[in-house]
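Data first, discussion second: the structure below is written as structure tokens.
Order of appearance sets the numbers: ligands from 1, and atoms from 1 within every ligand.
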Amino acid sequence: MSNEIDNPSANTHIQEVIATRLSRRGVLKGGVAVTASTLLGGVSLSACGGSNDGKAALALNFDAVAKNKLDLVTVPAGYQTRILHALGDPLSLTDAAWANDGSETAESYERRVGDGHDGMHYFGLSETDSYSANRSDRGLLCVNNEYVVRPYGLHASGRTSGAARVAAEVDKEVNAHGVTVCEVKRDASGSAMSMVRGSKFNRRITSATPMDFAGPVRGSNLVKTKYSPDGTTTRGTNNNCANGYTPWGTYLTCEENFTNVISRAAGDNALRSAAEVTALNRYRLAQGTKSSYLWDTPVTGNADDYARWTASVTGASAADDYRNAFNTFGWVVEIDPFNPSSKPVKRSALGRFAHEGAWPCNPVAGKPLVFYMGDDSQNEYIYKFVSKANWDTADIGRGLAAGAKYMDEGTLYVAKFNTDGSGTWVELTFGKNGLSAANATYPFADQADVLTHARLAADSVGATKMDRPEWGAVNPTNGEVYMTLTNNSSRTAANTDTANPRYYEDLKGATTQKGNVHGHIIRWREAGSDAAAVTFAWDIYLFGAEATAAANVNLSKLTDVNDFSSPDGLWFDKNGMLWIQTDDGAYTDVTNCMMLAAIPGKVGDGGAVTAASGMPTLKGADASAATVRRFLVGPKDCEITGLAMTPDRKTLFVNVQHPGELGSLATPTSAWPASQSDAASTKRPRSATVVVTRTDGGEIAV
Ligand code: FEO
Ligand code: CA
Ligand code: CA
């Protein structure tokens, strides 16, 4: 989902807070060639080990898909698609098929595929119904349902207008958010897979599902509510954007734009402490905010179901109202798909912000586990969590018990990208780095406070404001971490830095887009290739651009076979092939959003370059048709987001979110997925999961 919210803090950008070892003026004035070794000064690459060196060369082997604006998912010659499931499809055998008229009940969405398909993961399923990492013909597919894309997909006549929403519509939207878990099975004839309707594993987790708090925030005053006066449980997950998975075989779903679902009354500040007001404002819930969903407004039905969406002081204590409702969202949630009756758990040790996703390092027995995370808003931060416990492969298959072991105790860090190509992870622990009651940004009371208000902690330690962190991915061959910085319309000429070096103007007809219009992908190598290290070396792997753009905008030398805008979804397959998905509004005059396959090199394989802003930076090797190639283009007005693959690399799952987003019920702009098989279809557009296979049943893209 597109998101243009900006970090309102007074925190400075990195060139204002870091002693500049390599000044922009010095480089430009002196005309000195900035070399990789200069920019990477202070972090030794030679000690890092691990690379593709010596392995059989990985090659892209498919014909690039041409940019297009068709109302279709287009894939290379020799590939085929089928729809696995779409909004409203029944998971059970008892509910009727989706009717294309919005007649499905709210209650039935507890057993129907939710809306806004986003992050997902495939887990192999053994004959004895346990996690089987290498199984490719039977599995569980977990799919995020990020948001209600367009009411026309869900309601009979679109969203009913009025100050008070219709209770049944709100109930349906609450139930259409969250996660869809379903069993998938390969057909006897080939590598394509279908959903097993009626499987005991099929399950919906919604914005009303009971879940537990775990970690330091469990039981904190910050999450006590009328629903859970002791602050140990809560209801629902929502705005589940990207995802993650754990080495022990559970799913992580991540709460991103939760600000959109909570309202807050005018005059509420007067009923709050100064610290509370600071925190609510930093997380962008000013008093007097009406959420765009208006889930708090129905006047019929069970009043508590709607009161819970207003974070206002109305009762005598936090146990009497939902003043803390806002603090119950913005977490990483762990789900055990193999145990359909298990209660999801909010893992609070990983901090609270607009979580895009949580991506594990390559696990090493006897070493801590690390999860990388981004906060998807303009000028927000990149974080990592390092477990206290060391990885033990005996925990594979132990579900939420393993989650408690590895995710409830550990250390949260935030990233500082230095101008010389080095970086530092700054610890966000109460009592360290100024995170105490005496902090000038915000008076932290304890570790629960630091985690619940991680953005304030990150502000106060001078973390680097990034161009909207979206997905991350860890290269399985060398442990290097990649993260998309999708775009940033609020990056200005005055506040570029070497890690976010772009400010330029992109003329689109009557509209000029400014800032980092097309985004980039940053990557880093932890010192010593140790995921738990506190220093790293970084460069910019790839810059989004149109092939025809000026050289100081098209910095990675993209061409027609691989040019793209606004990288978002990112995923490494087990061979080390990187998959890049886009969510853009800057190149959609030419092409729908897309997915590319890439063979990345490693940090330091390129050299110095100067962006259009005049800011020098360090970029990766130039792209070529051999290293980055377009694999798929989506239907009209969609975002391509979320992918998964079976371990044998023969079945690829891709999510298409919000096709037809720019249309309406009266004037739809898309009929996808029905249009995939019937060009004349006038059915409502729906988010859906696509299964891509080779017609000869072979491995994908090689
Ligand atoms: Fe839901 Fe960060 O896009
Ligand atoms: Ca996005
Ligand atoms: Ca996203």
Side-chain angles (χ1 to χ4, degrees), residues 1-7 114-121 143-150 176-179 207 237-244 252-261 284 292-293 329-333 353-359 372-383 455 466-473 482-490 513 515-521 544 564-571 579-588 592-596 634 637-644 654-659 661 687:
M1 180 184 187
S2 130
N3 178 334
E4 296 294 328
I5 300 169
D6 188 14
N7 175 350
D115 203 356
H117 292 50
D118 206 315
M120 69 176 149
H121 194 76
V143 174
N144 283 353
N145 297 115
E146 187 186 19
Y147 72 118
V148 176
V149 173
R150 276 279 184 178
H177 276 70
V179 176
S207 291
T237 183
N238 59 48
N239 303 98
N240 305 80
C241 193
N243 65 307
L252 302 176
T253 188
C254 299
E255 298 175 343
E256 187 199 33
N257 292 319
F258 60 97
T259 303
N260 291 349
V261 299
R284 303 167 185 128
S292 57
Y293 287 95
F329 295 106
W331 303 103
V332 173
V333 181
F353 41 90
H355 278 284
E356 181 70 20
W359 297 277
Y372 295 98
M373 303 176 285
D375 183 351
D376 180 11
S377 286
Q378 292 181 347
N379 307 311
E380 292 292 354
Y381 308 119
I382 291 172
Y383 299 80
R455 283 176 172 172
M466 309 302 289
D467 286 344
R468 281 187 62 200
E470 289 264 15
W471 290 51
Y482 288 65
M483 193 166 280
T484 52
L485 301 169
T486 191
N487 56 51
N488 188 354
S489 61
S490 71
Q513 300 196 42
N516 182 359
V517 180
H518 297 295
H520 59 281
I521 303 174
F564 68 93
S565 176
S566 302
D568 190 330
L570 199 65
W571 188 74
W579 296 81
I580 303 164
Q581 302 177 314
T582 70
D583 171 21
D584 88 271
Y587 204 15
T588 44
N592 298 337
C593 287
M594 64 182 73
M595 182 166 82
L596 308 106
D637 302 349
C638 82
E639 166 182 349
I640 300 296
T641 181
L643 76 161
V654 181
N655 280 335
V656 174
Q657 190 189 78
H658 64 68
E661 178 186 45
S687 296

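Between the side chains of D467 and N488, a donor-acceptor pair is found at a separation under 3.5 Å. With no hydrogens or angles considered, no side-chain donor-acceptor pair links Q581 and T641 at under 3.5 Å.
One N or O on the side chain of N592 and one on the backbone of G634 form a donor-acceptor pair closer than 3.5 Å.
The atom name of the N/O/S atom in E470 closest to atom 2 (Fe) of ligand 1 is OE1. Taking atom 2 (Fe) of ligand 1 as reference, the nearest N/O/S atom within E356 carries the name OE1. Residue E256 approaches atom 1 (Fe) of ligand 1 most closely through its N/O/S atom OE1. Taking atom 1 (Fe) of ligand 1 as reference, E146 places its N/O/S atom OE2 nearest. Atom OE2 is the N/O/S atom of E470 found closest to the Ca ion (ligand 2).
Ring centroid separation for the pair Y381 and F353 does not come in under the 6.0 Å cut-off.
For residue D376, no N/O/S atom approaches atom 1 (Fe) of ligand 1 to within less than 2.8 Å.
Considering CG of L252 and CG of N240, their distance stands at 11.5 Å, rounded to 0.5 Å.
Vertex the Ca ion (ligand 2); arms to D568 atom OD2 and D583 atom OD2; angle 100° (nearest 10°).
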message = Before you tell me yes or no, could you show the steps for V656 and H117 under side chain to side chain contact (heavy atoms under 4.5 Å, CB included), namely the whole-Å CA-CA distance, both residues' side-chain angles and the distance that decides it to 0.1 Å?
response = CA-CA 7 Å; V656 174; H117 292 50; over 6 Å; no
